[in-house]
Amino acid sequence: MENRKETTIEERKLVIKLSKEGKSLRNIVKVFGRSVNCIQKILQKFKKTGMLANTKGRGRKKIMNSITERRVIQQVKIDPKISAPEIAASISNTLGRSVSAETVRRVLRKAGYNGGVARKMPLIEVMINSDCPVKQMCQELRSDNRVAGLRCIKLRIQVLTLERQSTLLPE
């Protein structure tokens, strides 16, 4: 098989220049040592587009457009515990074409939502008498929606919030 070599931009410019000077196609082919088809393609492309450089390809079509991506993010904002396969099923119904759960996850990761399995809630251990301020603090924290779990050990409370982990000391 013959080695193929792409024509450079300079060569293409020279082909166009020689063509504009009135040189025949056969003369241009002799100068460059290329096939007639190659020179013809360069001339046709220049006449059609006015460009010498290669055009960039379109690539693979996206399954979801920006409106659908926003709809996915909005569903997660409404219900943060919804799973990617559930979102993919609802989007597939509205779009009328198949959307995989991995596509939904990719959209969510791009938007800053990194999913994962929730931690198990740690055991709440409070072995202090009922009028202790630490126990009262634990009961207040337990009623807070942002607290994922807490552990009371030796007058130190370890609070696992949904945002970050912090350690509280009783005053």
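- Side chain of Ser92 to main chain of Val99: a donor-acceptor pair is present (N/O by atom type, distance under 3.5 Å, no hydrogens or angles).
- Contact of the Tyr113 side chain with the Lys77 side chain is registered, since non-hydrogen atoms from C-beta on lie closer than 4.5 Å.
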**Request:** Carefully, step by step, assess Arg12 and Asn54 under the rule side chain to side chain contact (heavy atoms under 4.5 Å, CB included).
**Result:** CA-CA 11 Å; Arg12 294 176 193 182; Asn54 292 334; 3.2 Å; yes

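- A donor atom on one side chain and an acceptor atom on the other are found under 3.5 Å apart for Thr68 and Asn65.
- For Ile67, the CD1 atom is loosely surrounded, since the number of other residues' heavy atoms within 6.0 Å does not exceed 12.
- Distance alone, capped at 3.5 Å, is enough to place a donor-acceptor pair between the Lys45 side chain and the Ala53 backbone.
- The heavy-atom pair separating Arg97 from Ile63 by the smallest distance is NH2-O, 3.0 Å.
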**Prompt:** Between Glu102 and Arg105, does a salt bridge (Lys or Arg N to Asp or Glu O under 4.0 Å) hold up when you go through it step by step?
**Reply:** CA-CA 5 Å; Glu102 193 57 40; Arg105 286 186 198 102; 3.1 Å; yes

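- Between Glu69 and Arg106 there is no salt bridge, since no side-chain N of the basic residue sits under 4.0 Å from a carboxylate O of the acidic one.
- Clustering of Ile, Leu, Val, Met, Phe, Trp and Tyr side chains at separations under 4.5 Å leaves Ile9 isolated, with no partner residue.
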**Message:** With side chain to side chain contact (heavy atoms under 4.5 Å, CB included) as the criterion, how do Val31 and Lys23 come out once you've worked through the C-alpha distance, each side chain's angles and the decisive distance to 0.1 Å?
**Reply:** CA-CA 11 Å; Val31 170; Lys23 299 282 184 185; over 6 Å; no

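- Residues Thr7 and Cys38 approach most closely at CG2-SG, 3.9 Å, considering heavy atoms.
- Between the NZ atom in Lys30 and the OG atom in Ser24 there is a gap of 7.5 Å [rounded to 0.5 Å].
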**Request:** Please step through side chain to side chain contact (heavy atoms under 4.5 Å, CB included) for the pair Thr103 and Ile91, ending with a clear verdict.
**Result:** CA-CA 11 Å; Thr103 303; Ile91 295 296; over 6 Å; no

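- Contact check for Ile78 versus Gln74: side-chain heavy atoms found under the 4.5 Å cut-off.
- Summarising the geometry, atom NZ belonging to Lys17 is positioned 13.0 Å from atom CD belonging to Glu10; distances are rounded to the nearest 0.5 Å.
- With rounding to the nearest 0.5 Å, the separation of CD1 in Ile73 from CG in Leu108 is 6.5 Å.
- The shortest heavy-atom contact between Ala101 and Ala84 is O-CB, 3.8 Å.
- Here the closest heavy-atom approach between residue Glu11 and residue Phe32 is recorded as O-CZ, 3.6 Å.
- Note: Arg34 CZ to Ile42 CD1 = 7.0 Å, rounded to the nearest 0.5 Å.
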